[in-house]
Peer 1: 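Following this message is one structure expressed as structure tokens.
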Amino acid sequence: MPRSACGGARNDKANMNDDLMQKIVALCKRRGFIYPGSEIYGGLGGTWDYGPLGVELKNNIKRQWWKDVVQLREDMVGIDSAIMLNPKVWEASGHVEAFTDPLVECKVCHARFRADHTRETLEHEKSHDGKVEWTQPQKFNLLVKAYLGVLEDKQSEIYLRGEITQGVHVNFKNVLDSTRVKIPFGIAQVGKSFRNEITPGNFTFRSREFEQMEIQYYIDPKGKEDQKWFEYWKKQRMDWYLSLGIKKENLRFRDHEEKERAHYAKAATDIEYNSPFGWSEFEGIHHRGDWDLSRHEQYSGQDMKYRDPDTGEEYLPWVIETSGGVDRAALFLLVDAYSEEGGRTILKLHQKLAPYKVAVFPLLANKPKLVGLAKKIYQDLKQDFISAWDDRGNIGGRYASQDEIGTPFCVTVDFQSLEDEMVTVRDRDSAKQERVKIVDLKSYLHGKID
Ligand code: GAP
């Protein structure tokens with residue numbers, strides 16, 4: 001097996017990073033962000049369930065992405081294609097033939113690993129005191145098979161989609177015929193993909209069921225502008241992650257070498273995140289050329305060309321793709337936002353992404369007048385913001401509880417509020433407190449959050 005530096009002696013930094021991941025996994029379970037899939041039955045490898053706070057975070061990420069790449073642009077439309085596609089799609093796309101990872105098996109216990117995942121294979125060798133023999137790497141196809149049809153003997157074998165991309169390309173003509181798009185333009189999609197990953201791991205980072213958010217951006221190959229668009233989308237995507245507050249020093253580009261590029265890619269760059277388990281792929285930007293449309297033309301026998309409305313010229317466009325993982329975004333945003341300050345754990349999530357925007361507390365839970373006014377404010381704020389209510393324990397404990405899940409603002413109703421119709425608003429990151437008039441509270445929060 002190839003050796004790499006990451007298999008060496010564990011150093012302090014590695015231990016700290018393991019510790020950080022453990023804290024994040026524990027926080028996710030304890031506070032309802034992410035649970036192991038099918039946990040009461042012993043789990044199902046590589047699957048995760050998002051709890052009440054996790055689903056809010058993930059929805060916020062997807063909503064923000066959709067707003068920024070579809071709603072606010074004039075050159076983009078959206079689509080939501082089926083997860084189950086005609087199996088010919090996957091022959092045409094090259095996935096049946098080439099969507100493979102190299103698999104090796106331990107001859108001692110028959111555990112299987114990805115040959116290129118050195119850390120896992122080295123850890124496995126250690127568990128056998130170094131006495132491991134490996135099989136030769138074999139190609140293992142990642143497509144997940146399913147069976148469709150009501151008569152058992154006539155059921156047809158299909159694949160759950162291995163990337164959301166193909167549902168877009170097979171609809172290229174439908175979109176052209178039903179909208180007024182003109183090249184250059186993009187089709188965006190968000191949805192689930194499935195891969196029979198050999199070694200799922202690093203929490204949700206490599207799962208067998210996950211969500212992607214992708215743009216397929218169609219350009220004219222003759223304009224020789226592919227490099228320009230490739231660079232444009234690299235910058236757009238990097239800027240998007242920065243706009244969500246991810247620390248600049250934790251993001252970088254990494255160009256793929258020719259031998260590691262996917263079968264469809266003429267060029268590829270990853271945006272990587274500096275995660276506790278090392279620099280890791282966050283999003284891919286790929287120059288797919290006319291791979292998809294030409295293959296679908298060939299395999300379906302349908303004309304997939306674009307007709308220029310001004311010149312009448314017909315051609316197969318090239319595609320620049322941006323493909324990000326929603327689960328990776330949720331994970332890396334949590335990692336990036338996690339901080340411990342003076343004994344407090346704070347998730348410094350961007351206001352737009354925080355599951356709850358505001359929490360409302362009555363200073364004391366046994367004072368009906370305080371509770372009544374606080375409830376009224378809470379019900380009113382709920383119309384505009386996802387809001388939390390907490391009347392347990394003391395105020396300090398409630399602040400700590402909201403800090404830990406990233407709620408940017410806490411509103412406390414105290415005795416003074418009954419007199420002056422003002423409340424205390426406390427900011428998560430600075431812990432600073434401000435008195436705000438109840439009538440101005442909504443606009444105050446809109447000003448900070450929107
Ligand atoms: N359509 C191109 C495509 O699917 P990819 O590099 O295989 O390209 C794109 O995947 C993104 O999807 C990755 O950068 C990652 O964010 C996410 N992704 C891929 N495999 C994943 C997995 N097993 N678990 C979670 N996210 C994954």
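Each ligand, and each atom within it, is numbered from 1 in the order the structure gives.
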Peer 1: Numbering the atoms of ligand 1 from 1, which are under 4.0 Å from a heavy atom of Y264?
Peer 2: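 Answer, ordered by atom number: 2 (C), 3 (C), 8 (O).
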Peer 1: Can K228 and E225 be counted as an ion pair, charged N to O under 4.0 angstrom?
Peer 2: yes
Peer 1: Evaluate the ring-ring contact (aromatic ring centres under 6.0 Å, His included) criterion for residues F205 and F277: first the C-alpha distance (whole Å), next the side-chain angles of each, then the deciding distance (0.1 Å), finally the verdict.
Peer 2: CA-CA 10 Å; F205 175 78; F277 40 89; 5.3 Å; yes
Peer 1: Would you say R208's side chain and G45's backbone share a donor-acceptor pair under 3.5 angstrom?
Peer 2: yes
Peer 1: Among all the protein's non-hydrogen atoms, which is closest to atom 24 (N) of ligand 1, and how far away is it?
Peer 2: S207 N, 3.0 Å
Peer 1: Which of these, M213, E281, R195, has its nearest heavy atom closest to atom 20 (N) of ligand 1?
Peer 2: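 Nearest option to atom 20 (N) of ligand 1, by heavy atoms: R195.
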Peer 1: side-chain hydrogen bond (donor to acceptor under 3.5 Å, both in side chains) with T199: which of H117, R206, R112?
Peer 2: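 Of H117, R206, R112, side-chain hydrogen bond (donor to acceptor under 3.5 Å, both in side chains) with T199 is met by H117 alone.
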Peer 1: Classify the contact between R208 and ligand 1 as side chain, backbone, both or neither, using a heavy-atom distance cut-off of under 4.0 Å.
Peer 2: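 Neither; no heavy atom under 4.0 Å.
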Peer 1: Closer than 4.0 Å to some heavy atom of E321 - which atoms of ligand 1 meet that?
Peer 2: 1 (N), 2 (C)
Peer 1: Using side-chain heavy atoms (C-beta onward) and a distance below 4.5 Å, is L143 in contact with F194?
Peer 2: no
Peer 1: So, E404 and T345: side-chain donor and acceptor under 3.5 Å apart, yes or no?
Peer 2: no
Peer 1: Check each atom of ligand 1 against the heavy atoms of R288 and keep those under 4.0 Å away; list them by number with element.
Peer 2: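 With R288 as reference, the close atoms of ligand 1 come out as 1 (N), 2 (C).
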Peer 1: Heavy-atom contacts with E163 under 4.0 Å: which atoms of ligand 1 show up? List them by number with element.
Peer 2: 1 (N), 2 (C), 3 (C), 4 (O)
Peer 1: Quick check: does any side chain N or O of R261 sit under 3.5 Å from a backbone N or O of H286, one acting as donor and the other as acceptor?
Peer 2: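 Side chain of R261 to backbone of H286, a donor-acceptor pair under 3.5 Å: no, none is there.
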Peer 1: Taking only heavy atoms of G324, which atoms of ligand 1 are found under 4.0 Å from at least one of them?
Peer 2: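 Counting from 1, the qualifying ligand atoms are 16 (O).
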Peer 1: Heavy-atom contacts with G284 under 4.0 Å: which atoms of ligand 1 show up? List them by number with element.
Peer 2: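 Contacts of ligand 1 toward G284, numbered from 1: 14 (O).
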Peer 1: Tell me whether R206 has any N or O atom under 3.5 angstrom from an N or O of ligand 1.
Peer 2: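 Between R206 and ligand 1, no N or O pair is found under 3.5 Å apart.
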Peer 1: May I have the step-by-step check of ring-ring contact (aromatic ring centres under 6.0 Å, His included) for F282 and Y241, ending in yes or no?
Peer 2: CA-CA 10 Å; F282 199 165; Y241 288 115; 4.2 Å; yes
Peer 1: Students should be able to answer this: which protein heavy-atom is nearest to atom 18 (N) of ligand 1, and at what distance?
Peer 2: F210 CE1, 3.5 Å
Peer 1: Specify whether Y273 and F332 have parallel, tilted or perpendicular ring planes, treating 30° as the upper limit for parallel and 60° as the lower limit for perpendicular.
Peer 2: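 Correct class here is parallel.
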Peer 1: Given S323, A268, G201, which one has a non-hydrogen atom that is nearest to atom 9 (C) of ligand 1?
Peer 2: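 Residue with the shortest heavy-atom distance to the ligand atom: S323.
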Peer 1: For atom 17 (C) of ligand 1, what's the nearest protein heavy-atom neighbour? Residue, atom name and distance, please.
Peer 2: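 Checking every protein heavy atom, the shortest distance to atom 17 (C) of ligand 1 gives G325 CA, 3.8 Å.
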Peer 1: Quick check on contacts: which atoms of ligand 1 are under 4.0 angstrom from a heavy atom of F282?
Peer 2: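 Numbered from 1, ligand 1 contributes 14 (O), 15 (C), 16 (O).
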Peer 1: Under 4.0 Å, counting heavy atoms only: does H286 come that close to any atom of ligand 1?
Peer 2: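 So H286 counts as touching ligand 1.
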Peer 1: Could an N or O of ligand 1 be found under 3.5 Å from any N or O of T204, whether backbone or side chain?
Peer 2: no
Peer 1: Are the side chain of R428 and the backbone of G406 linked by a donor-acceptor contact shorter than 3.5 Å?
Peer 2: yes
Peer 1: Could you find the nearest protein heavy atom to atom 12 (O) of ligand 1 and give me its residue, atom name and distance?
Peer 2: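 Answer for atom 12 (O) of ligand 1: Q212 NE2, 3.1 Å.
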Peer 1: Within 45° of the ring axis of F210 and under 6.0 Å from its six-membered ring centre, is that where the NZ or CZ of K192 lies?
Peer 2: no
Peer 1: Determine, using ring centers only, whether W134 and H124 are less than 6.0 Å apart.
Peer 2: yes
Peer 1: Check ligand 1 against E214 and write out every atom of the ligand that is under 4.0 Å from a heavy-atom position of the residue.
Peer 2: 1 (N), 2 (C), 3 (C), 4 (O)
Peer 1: So, is G162 polar-close to ligand 1, with some N/O to N/O distance under 3.5 Å?
Peer 2: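 The answer is no, given that G162 and ligand 1 share no N or O pair closer than 3.5 Å.
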Peer 1: Applying the side chain to side chain contact (heavy atoms under 4.5 Å, CB included) criterion to Q351, which one of N60, V358, I449 satisfies it?
Peer 2: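 Of all the options given, the one that passes is I449.
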Peer 1: Check this for me - ligand 1, F205, N or O atoms closer than 3.5 angstrom, yes or no?
Peer 2: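 Such a contact does occur with ligand 1.
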Peer 1: Who's the nearest protein heavy-atom neighbour of atom 15 (C) of ligand 1, and how far?
Peer 2: R328 NH1, 3.4 Å
